[in-house]
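Heads up: the structure comes next, in structure tokens.
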Number of protein chains: 2
Amino acid sequence: MERSTPPRGTVTQRAIEQLKSLISEGHLEPGQRLPTERDLAVRLGISRSSMREAIRALTVLGVLEARHGSGIYVTRLQAADLLETLGVVADLSRGPQLIELMEIRRALEATAAAIAAARISPEQLAEVETHLDAMYATEDPGEILAHDLAFHRAVAVAGGNGTLVAILDGLSSRTFRARVWRGYQEEGVFDRTRHEHRRILDALRARDPEAARAAAAAHVGEVESWLRARQT
Amino acid sequence: MERSTPPRGTVTQRAIEQLKSLISEGHLEPGQRLPTERDLAVRLGISRSSMREAIRALTVLGVLEARHGSGIYVTRLQAADLLETLGVVADLSRGPQLIELMEIRRALEATAAAIAAARISPEQLAEVETHLDAMYATEDPGEILAHDLAFHRAVAVAGGNGTLVAILDGLSSRTFRARVWRGYQEEGVFDRTRHEHRRILDALRARDPEAARAAAAAHVGEVESWLRARQT
DNA sequence: CGGAGCCGATTGGTCGGGCCACTGGGCGGT
DNA sequence: ACCGCCCAGTGGCCCGACCAATCGGCTCCG
């Protein structure tokens with residue numbers, strides 16, 4: 001007759017669920033500090049070890065943040081915090097899944113460009129242009145890649161959808177892009193890449209959402225089709 | 001000169017990275033069984049507690065799977081395994097972020113519908129139709145919601161991009177949809193919802209990608225604008 | 001009076017060991 | 001040949017201790 005904590009699943013799993021509902025129910029606000037590990041363990045009637053595993057789980061998900069010597073805190077619960085795990089997905093994906101991810105990135109990048117075309121400010125437009133200029137100013141693959149990433153990020157930011165920015169960041173994670181570029185660059189397509197970026201910028205400058213969508217989709221599609229042909 | 005384990009970050013965090021690279025480097029294949037917790041702990045020179053935390057972390061990310069009494073295994077590393085965490089994001093998002101997620105869902109749902117229009121098989125078309133019929137056959141909100149979800153899922157599956165299906169599943173996670181529906185249904189818009197779904201089906205039947213994209217975008221946009229007005 | 005530096009309580013991080021619960025394969029009985 | 005029991009292996013959980021980073025208050029010096 002004590003069923004306060006129905007023994008469904010493992011103890012740790014239950015602890016994770018309980019912490020999650022504490023947040024989703026609104027009992028824990030973003031930025032707020034939690035009780036100590038020792039307290040929480042006692043309250044949920046489990047050992048500190050299990051409690052720590054639960055906390056670690058929510059930490060890697062970007063929901064909690066543990067500061068050594070200070071305490072455990074709820075993150076801001078914003079997209080950037082929560083979607084960091086997308087990078088892991090991209091890193092561990094291979095073969096056909098890479099292509100599927102590219103297909104998704106194409107759709108989102110196109111959407112971001114379209115939204116940006118409608119909302120972008122002169123300052124943001126200038127920043128995007130900066131990165132394009134930088135891509136023209138060097139032949140160093142690493143530097144070009146860096147400005148390539150910055151270019152797309154600036155466009156996404158101009159769209160005003162922070163969640164979308166976080167997702168695209170994840171899909172463009174370091175190793176993901178690096179893996180694709182390694183080899184892609186060998187065929188000397190820097191000029192074409194620069195041109196594609198220019199087309200996107202042109203569309204943004206013209207405040208033409210459909211043109212921007214098409215240019216961005218074509219750009220990502222270029223990489224995508226190369227990847228598809230090479231069947232990595 | 002001992003760089004075997006660069007003391008960057010915490011011990012557990014290092015263990016997580018090492019396990020991840022074991023997989024991404026190809027030393028661990030999907031489905032393969034790992035050494036025991038005790039073994040791994042010894043090999044990485046850490047305690048079993050820390051090792052368990054690392055394993056738990058990769059478990060919640062959908063990378064590893066622990067079977068009590070049997071061992072620890074690498075998952076298939078497919079989208080469905082890895083993207084389960086997206087549901088957590090959707091569950092914990094609120095206010096403006098919900099709208100941003102909807103904007104993303106609109107883009108992806110539209111893309112999925114467009115792809116499906118080009119590729120869908122007669123059997124898959126029949127299944128989609130089944131769920132639409134079911135939505136017309138009842139007035140029970142729960143049942144309608146269930147077939148609504150199934151309808152969209154069937155469309156996404158017909159698109160052939162498993163990763164996209166997994167992402168949309170996450171964005172349409174139980175509580176996410178339930179939260180939106182609660183109240184939305186009160187305004188008695190079942191008929192409009194059914195009509196929107198019918199438009200999508202019509203476009204699929206006509207093999208018209210652009211029409212399908214527009215119909216799907218309009219459908220999600222309907223919910224989105226309602227949400228935006230209500231500013232949850 | 002004010003600021004710099006020390007100090008200790010608090011709290012997360014790590015460790016080692018012990019016990020329990022489940023799995024699976026081998027062994028013995030039928 | 002088949003079935004069922006048994007037990008070694010393995011993950012799940014707990015305990016208690018100690019280490020290390022933090023942070024606030026206190027002291028001491030200028």
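Just so you know, these numbers use all the heavy atoms, side chains as well, and skip hydrogens, waters and symmetry mates. The chains referred to below are lettered A, B, ... by the order of the sequence lines, with proteins before strands, and numbering in each begins at 1.
Between A/Leu64 and A/Ile23, some side-chain heavy-atom pair lies under the 4.5 Å cut-off. The shortest distance between side-chain heavy atoms of B/Leu61 and A/Val89 does not fall below 4.5 Å. Between B/Arg106 and B/Met102 there is no side-chain heavy-atom pair separated by less than 4.5 Å.
Two rings, from A/His152 and A/His197, have their centers less than 6.0 Å apart.
Where A/Val11 and A/Arg67 meet DNA chain D, the nucleotide closest to each residue was compared, and A/Val11 sits on the side nearer the 5' end. The residue among A/Ser70 and A/Met51 whose nearest nucleotide of DNA chain D is located toward the 5' end is A/Met51.
Nearest nucleotide to the A/Ser50 side chain, out of C/dG13, D/dT10, D/dC14: D/dC14.
As judged by a 4.0 angstrom heavy-atom cut-off over every strand, A/Ile46 is placed among residues touching the sugar-phosphate backbone only. Among the protein residues, B/Ile55 comes within range of no part of the nucleic acid, since none of its heavy atoms lies under 4.0 Å from any strand.
The nearest whole Å value for the distance from the CG atom in A/Leu40 to the C1' atom in C/dT10 is 15 Å. Rounded to an integer number of Å, the gap from CZ of A/Arg33 to P of C/dG12 is 6 Å. D/dG9 atom P lies 16 Å from atom NE2 of B/His68, rounded to whole Å. As rounded to whole Å, 13 Å separates atom P of D/dG11 from atom CD of B/Glu65. For B/Leu34 and D/dG11, the CG to P distance is 9 Å, given to the nearest whole Å. Between the CD atom of B/Glu53 and the C1' atom of D/dG11 there is a distance of 16 Å, given to the nearest Å. Here the P atom of nucleotide C/dT10 and the CG atom of A/Asp39 are 12 Å apart, to the nearest Å. A straight line from CZ of B/Arg52 to C1' of D/dG11 spans 6 Å, rounded to a whole angstrom.
Remark: B/Thr10 is not in phosphate contact with C/dG12, judged by side-chain N or O atoms under 4.0 Å from OP1 or OP2. Residue B/Thr12 places no side-chain N or O under 4.0 Å from the OP1 or OP2 atom of C/dG13. Contact between the side-chain N/O atoms of A/Ser47 and the OP1/OP2 oxygens of D/dC14 is found at a separation under 4.0 Å.
A donor and an acceptor atom sit less than 3.5 Å apart, one in the side chain of A/Ser49 and one in the base of D/dC15. Side chain A/Arg48 to base C/dG13: a donor-acceptor pair is found below 3.5 Å. Side-chain atoms of A/Arg38 and base atoms of C/dG12 include a donor and an acceptor less than 3.5 Å apart.
Between B/Arg14 and B/Glu17 there is no salt bridge, since none of the side-chain N atoms of the basic residue sits less than 4.0 Å from a carboxylate O of the acidic one.
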